[in-house]
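Down below is the structure, laid out as structure tokens.
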Amino acid sequence: MNVLLITADQWRADCLGAAGHPLVRTPALDRLAADGVRFTRHFTQATPCGPSRASLHTGLYALNHRSITNGTPLDARHTDLSAEVRRAGYRPVLFGYTDRSHDPRQLPADDPRLRTYEGVYDGFEVGVGSDESYAAWRAHLERRTGRAFRLGELFGGALGEPAPYPAELSETAFLTDAALDFLERRDADRPWFLHVSYLKPHPPFVAPAPYHALYHPDDVPAPVRAADPAREAALHPWLRAKLEKPVGTGDWWGKPARLDEEEIRRARAVYYGLISEIDAGIGRLVEALQRRGEYDRTLIVVTSDHGEMLGDHWLLGKSGFFRQAFHVPLIIRDPAAGATRGGAVNAFTEHVDLMPTVLGRLGLEIPLQCDGLSLVPFLAGTPVHGWRAAAHYEHDFRDVETLAFETRLGLPSDKCQLAVRQGPRFVYVHFNGLEPLCFDLERDPGQFANIAADPERAPEVLAQAQAMLTWRMDAAERRLTGCKLTPSGVVGRF
């Protein structure tokens with residue numbers, strides 16, 4: 001069986017037609033969801049990009065893989081999805097990026113891989129790579145237009161203005177074209193493993209025509225946030241510090257707290273346009289599989305590394321603890337799962353489940369390191385008992401270069417971390433070194449009232465804290481704990 005793993009970058013779960021968004025149109029993904037399974041409560045494990053992808057590719061919670069910022073090395077002892085499928089005889093090919101930070105203990109000090117967090121998992125062959133320099137795409141643009149673009153020219157226009165290149169030459173189209181060319185050159189009778197990793201709708205929020213104007217700012221939903229930044233910041237010291245910190249995603253934004261509603265609406269409109277452009281690219285890939293007769297021999301997985309605040313709670317980006325930054329789309333189309341096609345799974349699922357799912361569907365052994373569980377029973381329509389009652393995610397806000405949050409909050413780096421338990425009703429946020437937060441979504445869906453500060457709600461908050469502790473104990477490292485040395489030899493699995 002073939003595998004097509006598609007990730008977008010910074011795509012929040014509600015921005016999907018099949019999820020009922022009032023404005024965003026995603027016809028290709030809606031069709032895929034109607035012919036597959038959509039997981040409605042799917043969460044990434046960590047933010048930003050590197051940590052979230054580390055969990056996706058290794059099946060490990062951030063508390064175990066510990067690659068907790070962009071640039072924090074991933075321990076070389078961890079296996080990953082590409083390594084496992086390569087061991088099984090596949091030659092996994094990447095179009096895009098995986099944001100792996102390599103282990104400096106395994107490389108010479110002058111190795112260029114130690115100067116970037118945009119490394120690639122070793123099991124992948126790179127078809128076309130992508131990084132912050134956009135080198136491959138810019139070279140393509142120059143070949144097609146005869147003009148060498150600087151980054152400032154590509155992304156420096158006014159918010160809402162069209163990009164200085166046509167849609168058929170955008171980076172999204174370039175990556176899609178390269179993946180399609182790969183498929184056309186493949187022997188249709190030999191199974192393949194393809195990972196297409198799109199950068200968009202990640203900032204800069206610049207879209208080519210017609211996507212830049214596909215949605216009007218007046219029509220987009222207003223952000224969910226307090227009446228003003230001061231009231232928002234009063235919720236928690238971390239949030240106050242975050243709102244004082246520059247966004248870093250555009251010179252015209254500055255600090256999040258300075259964003260007025262007009263700017264947010266324009267940013268949202270462009271963001272939605274970028275999503276529709278990605279949807280069109282995914283549609284082209286699916287159509288190619290159907291045309292080649294490979295659609296019913298291909299496991300298709302579509303998700304995002306993490307979400308985007310998009311002005312909610314006066315924030316942009318993916319830092320923090322609000323679910324908009326962690327709740328992401330997941331659609332899986334399994335050619336063998338006819339009975340469940342068009343279904344929606346409302347159980348809590350997580351990125352750590354994706355590696356076990358792909359390996360399980362390919363009939364491969366799932367490594368003991370994996371914290372996640374295979375979603376194959378949901379795809380097959382098999383009753384699932386004892387499934388997790390909540391999702392868990394983490395965010396480490398240390399900055400070993402600038403000590404920004406350490407200085408603002410008076411915390412050592414190892415205290416600059418938070419973990420969240422997202423249940424059907426309660427969201428519990430535990431800070432290492434700061435007071436906790438707890439929200440009752442039934443009474444407060446926007447997450448504005450901290451019940452952890454209410455003595456009358458103490459029993460409910462305690463129950464959430466205890467449940468989080470149980471999760472962390474369940475997720476503790478297990479690679480050797482299930483075996484024992486005895487006079488008869490090694491008993492158990494390791």
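We use all heavy atoms of the structure for the numbers below, so side chains are in, but hydrogens, waters and symmetry mates are not. Quantities reported herein were computed from a predicted structural model and do not represent experimental measurements.
- A donor and an acceptor atom, one from each side chain of Q369 and T58, are nowhere located under 3.5 Å apart.
- In this structure, the side chain of D353 engages the main chain of L373 through a donor-acceptor pair within 3.5 Å.
- With a 4.5 Å cut-off on side-chain heavy atoms, L94 and V120 count as touching.
- In summary, E171 and K200 do not engage in a salt bridge, as defined by a charged side-chain N under 4.0 Å from a carboxylate O.
- Partners of W192 under the ring pair (Phe, Tyr, Trp, His ring centres under 6.0 Å) rule, at least two apart in sequence or in another chain, do not exist in this structure.
- Side chains of T69 and D396: a donor-acceptor N/O pair is absent below 3.5 angstrom, by distance only.
- Without hydrogens or angle criteria, Q45 side chain to H351 main chain gives a donor-acceptor distance under 3.5 Å.
- Side-chain atoms of R113 do not come within 3.5 Å of backbone N or O of H102 as any donor-acceptor pair.
- Between R115 and D110, no side-chain nitrogen of the basic residue sits less than 4.0 Å from a carboxylate oxygen of the acidic one, so the salt-bridge criterion is not met.
- Under a 3.5 Å cut-off, the side chain of R297 and the backbone N or O of G293 do form a donor-acceptor pair.
- Summarising the geometry, atom CZ belonging to F326 is positioned 9.5 Å from atom CE belonging to M309; distances are rounded to the nearest 0.5 Å.
- In summary, the aromatic rings of F205 and Y271 are positioned with their centroids under 6.0 Å apart.
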Applying salt bridge (Lys or Arg N to Asp or Glu O under 4.0 Å) to R284 and D177, what does each step give before you reach the verdict? CA-CA 9 Å; R284 292 175 62 204; D177 289 343; 2.6 Å; yes
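- Y121 and R53 share no donor-acceptor pair across their side chains, judged by distance under 3.5 Å alone.
- Applying the ring-ring contact (aromatic ring centres under 6.0 Å, His included) test between W137 and each of Y198, Y165, F149 identifies Y165 as the sole match.
- Put simply, the side chain of W11 never gets that close to the backbone of P201: no donor and acceptor are under 3.5 Å apart.
- Between F378 and W387, the ring planes lie perpendicular to each other; the angle is over 60°, past the 30° to 60° tilted range.
- Panel note: side chain R38, backbone A18; a donor-acceptor pair is recorded below 3.5 Å.
- R268 places a side-chain N or O within donor-acceptor distance of the main-chain N or O of P221, the cut-off being under 3.5 Å.
- Below 30°, between 30° and 60°, or above 60°: for F124 and H57 the angle between ring planes is above 60°, a perpendicular geometry.
- Taking the six-membered ring for Trp, H306 and H395 have ring centres at least 6.0 Å apart.
- Here the side chains of K318 and H202 are in contact, with some heavy-atom distance below 4.5 Å.
- Side-chain atoms of H65 and S55 include a donor-acceptor pair closer than 3.5 Å.
- Side chain of D111 to main chain of P108: no donor-acceptor pair is present (N/O by atom type, distance under 3.5 Å, no hydrogens or angles).
- The aromatic rings of Y272 and Y215 sit perpendicular, their planes meeting at an angle over 60°, well past the 30° parallel limit.
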Evaluate salt bridge (Lys or Arg N to Asp or Glu O under 4.0 Å) for E184 paired with R291, printing each intermediate quantity in order. CA-CA 11 Å; E184 292 299 330; R291 185 179 64 252; 3.0 Å; yes
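- Remark: the backbone N or O of T72 is paired with a side-chain donor or acceptor of S67 at under 3.5 angstrom.
- With 3.5 Å as the limit, one finds no donor-acceptor pair spanning the side chains of E132 and Y97.
- Remark: side-chain polar atoms of T298 are not paired, donor with acceptor, to backbone N or O of I300 under 3.5 angstrom.
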